[in-house]
Q: 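Below you will find the structure I want to go over with you.
These figures come from a predicted structure and were not determined experimentally. The analysis underlying the following values was restricted to heavy atoms, covering all of them including side chains, and did not include hydrogens, waters or symmetry mates.
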Amino acid sequence: MKTEKIGIVGSGLIGRAWSMLFTSAGYQVMLYDILPDQLSAALEYIDIELHRLEEHGLLRGHLTAEQQFKCLRTTSDLKELSRKAIFIQECIPERIEWKRSLYQQLDDILEEQTIVSSSTSTFMPSLFTEGLRHCHNMLVSHPLNPPYYIPLVEIVPAPWTSPQAVEFTRQLMLEIQQKPVTLKREVLGFATNRIQYAIINEIWHLVDKDILTVRDIDTVMNEGLGLRYAFLGPMETAHLNAEGIRDYIQRFGGEIHKVSETYDAIPKMEPGPTLDKIAEQCEEMVPRDMLAARRKERDAFLTKLSALKKEFEK
Ligand code: NAI
């Protein structure tokens, strides 16, 4: 077990997952929330979850569930949370005015060594750290849900984040067995959502024009492209699908351009007939009262997949 302290602000879905990731590496984790009930619910959830993972042989790290749980404390005092913390992972709801107010409060009490990183999915770090005294120690480390099973973390610095804070965060993510990628500078949507939204835009049009159903599109991904992507990214795929990437572009670059020229304009995603069609087909695939059960299946699958990947990468 380690003696260093990590603070988690916000004990909802993502705060709980980060807590488990940091305790899996033996860090002393302190959870803070404005709602005391959320803190006790988080402790109860994490206790059950750690033991469930242990029972199924899926617990991360070398410590037992009990040892990991013992690394966890809670507080309702932000000052206590930040005292002697080396790192704080912020996980409060996605409301910019709430984030700004929290970072302002933290700025008044932070110690010099503490790095604060946000889990935000959508806000560039400059939006809520500009002008703060400790802005050089503030950035984003954006996980994908569920973080315990999907290891990617996007590290996004603000223009004023120090290279040391970025590197510290990257090393910490590696230490807890996550897979960080570091953006050289902030950009709206970071990397994952920029790519994901390009896919969703095209799907919107394909369903709108009755070319494919939602289920067929998901099959294109989970029985086709996605199988490759769990192992190779699109660029390595291209590199291997010809005699190297130059050959690939020479052979297929013209075709890619020709197809791309037929893409429609970026759709406005709003209520209307296209959304009705998409929603109806999604709900046929997974009725709304089955969402929780399907999430469980997803987690079980991702766990097995990540174990398989680890074995393969040995
Ligand atoms: P959540 O709603 O499950 O949990 C938020 C928690 O923060 C609640 O326990 C709430 O009581 C607490 N809270 C609210 N204001 C607070 C404050 N000022 N100080 C301390 N605690 C406060 O939210 P969730 O889903 O965990 O999201 C947290 C962050 O993680 C958001 O920025 C979100 O964009 C990001 N994120 C969420 C993902 C998801 O799939 N849910 C995926 C990746 C990132």
Q: Is there a donor-acceptor contact under 3.5 Å from the side chain of Gln281 to the main chain of Val214?
A: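 Yes.
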Q: Any side-chain heavy atom of Ile86 within less than 4.5 Å of one from Tyr27?
A: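 With C-beta onward as the side chain, the pair touches.
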Q: Does Lys70, at its NZ atom, have more than 12 non-hydrogen atoms belonging to other residues, nucleotides or ligands within less than 6.0 Å?
A: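 Check fails, neighbour count at 12 or below.
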Q: Is it true that a side-chain atom of Arg60 and a backbone atom of Ile176 form a donor plus acceptor pair closer than 3.5 Å?
A: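 Such a contact is found between Arg60 side chain and Ile176 backbone.
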Q: Spell out, as yes or no, whether a donor-acceptor pair under 3.5 Å connects the side chain of His136 to the backbone of Trp160.
A: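 Between the backbone of Trp160 and the side chain of His136 there is no qualifying donor-acceptor contact (under 3.5 Å).
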Q: Verify the cluster assignment for Met20 and Ile48: are they in a single hydrophobic cluster under the rule of side-chain heavy atoms below 4.5 Å apart?
A: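 Each belongs to a different hydrophobic cluster.
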Q: Check whether Asn137 reaches the backbone of Ala165 with its side chain - one donor and one acceptor, N or O, closer than 3.5 Å.
A: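 Checked: no pair found.
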Q: Ser24 vs Gln177, test: side chain to side chain donor-acceptor pair (under 3.5 Å). Steps then yes/no.
A: CA-CA 9 Å; Ser24 75; Gln177 311 283 311; over 6 Å; no
Q: Determine the sole option in Val140, Leu183, Thr129, Leu188 for which the side-chain contact (heavy atoms from CB on, under 4.5 Å) test with Met124 is passed.
A: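 Answer after filtering Val140, Leu183, Thr129, Leu188: Leu188.
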Q: State whether a side-chain donor-acceptor pair under 3.5 Å links Thr120 with Glu94.
A: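 Thr120 vs Glu94: donor-acceptor pair found between side chains.
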Q: Under a 4.0 Å threshold between the charged nitrogen and the carboxylate oxygen, would Glu97 count as salt-bridged to Arg100?
A: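 Here Arg100 does not pair with Glu97 in a salt bridge, since their nearest N and O are not under 4.0 Å apart.
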Q: Search all heavy atoms of Lys277 against all heavy atoms of Asp210 and return the closest pair with its distance.
A: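 That closest heavy-atom pairing would be NZ-OD1, 3.0 Å.
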Q: To the nearest 0.5 Å, what is the distance between CZ (Arg83) and CD1 (Ile109)?
A: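 It comes to 9.0 Å.
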Q: For the side chain of Gln38 and the backbone of Asp33, is there at least one donor-acceptor N/O pair under 3.5 Å apart?
A: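 Looks like no, no N/O pair under 3.5 Å.
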Q: Quick check: closest heavy atoms across Ser119 and Pro143, and the distance to 0.1 Å?
A: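 So the two residues come closest at O-CD, 3.7 Å.
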Q: Applying side-chain contact (heavy atoms from CB on, under 4.5 Å) between Leu81 and each of Leu31, Thr75, Ile8, report the one that passes.
A: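 Looking at Leu31, Thr75, Ile8, the match for Leu81 under the side-chain contact (heavy atoms from CB on, under 4.5 Å) is Thr75.
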Q: Salt bridge or not between Glu49 and Arg52? Use side-chain N to carboxylate O under 4.0 Å.
A: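 Arg52 and Glu49: salt-bridged.
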Q: I need the Met138 CE to Leu110 CG distance, nearest 0.5 Å.
A: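 That separation rounds to 5.0 Å.
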Q: How long is the gap from CD1 on Ile92 to CD1 on Ile14, to the nearest 0.5 Å?
A: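 Rounded to the nearest 0.5 Å, the CD1-CD1 separation comes out at 13.5 Å.
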Q: Any side-chain heavy atom of Phe123 within less than 4.5 Å of one from Ser118?
A: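 SC-SC contact between Phe123 and Ser118 ruled out.
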Q: Regarding Lys2 and Glu175, does a basic nitrogen lie under 4.0 Å from an acidic carboxylate oxygen?
A: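 Salt bridge flag = yes for Glu175 with Lys2.
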Q: Can you list the steps and then say if Glu80 with Tyr32 is a side chain to side chain donor-acceptor pair (under 3.5 Å)?
A: CA-CA 9 Å; Glu80 191 190 0; Tyr32 162 85; over 6 Å; no
Q: Assess whether a salt bridge exists between Lys84 and Glu4, defined as any Lys/Arg side-chain N lying under 4.0 Å from an Asp/Glu carboxylate O.
A: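 Salt bridge: no.
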Q: State whether the side chain of Gln68 and the backbone N or O of Leu63 hold a donor-acceptor pair below 3.5 Å, judged by distance alone.
A: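 Flag set: sc Gln68 to bb Leu63 pair under 3.5 Å.
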Q: Would a distance-only check, ignoring hydrogens and angles, find a side-chain to backbone donor-acceptor pair under 3.5 Å from Glu255 to Phe252?
A: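 Answer holds: no.
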Q: Looking only at atom types and distance, does a side-chain atom of Arg215 sit under 3.5 Å from a main-chain N or O of Leu212, one as donor and one as acceptor?
A: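 Such a contact is absent between Arg215 side chain and Leu212 backbone.
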Q: Salt-bridged, Glu167 to Arg170, with N to O below 4.0 Å?
A: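 Salt bridge present between Glu167 and Arg170.
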Q: Hey, does Arg228 have a side-chain heavy atom less than 4.5 Å from the side chain of Asn241?
A: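 Yes, their side chains come closer than 4.5 Å.
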Q: For Asp107 and Gln104, test the side chains for any donor-to-acceptor distance below 3.5 angstrom and give the result as yes or no.
A: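 No donor-acceptor contact under 3.5 Å links the two side chains.
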Q: Walk me through whether Asn201 and His205 qualify under side chain to side chain donor-acceptor pair (under 3.5 Å).
A: CA-CA 7 Å; Asn201 284 337; His205 286 307; over 6 Å; no
Q: Between Gln89 and Ser141 (side chain of the first, backbone of the second, donor and acceptor by atom type, cut-off under 3.5 Å), is there such a pair?
A: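 Looks like yes, one N/O pair under 3.5 Å.
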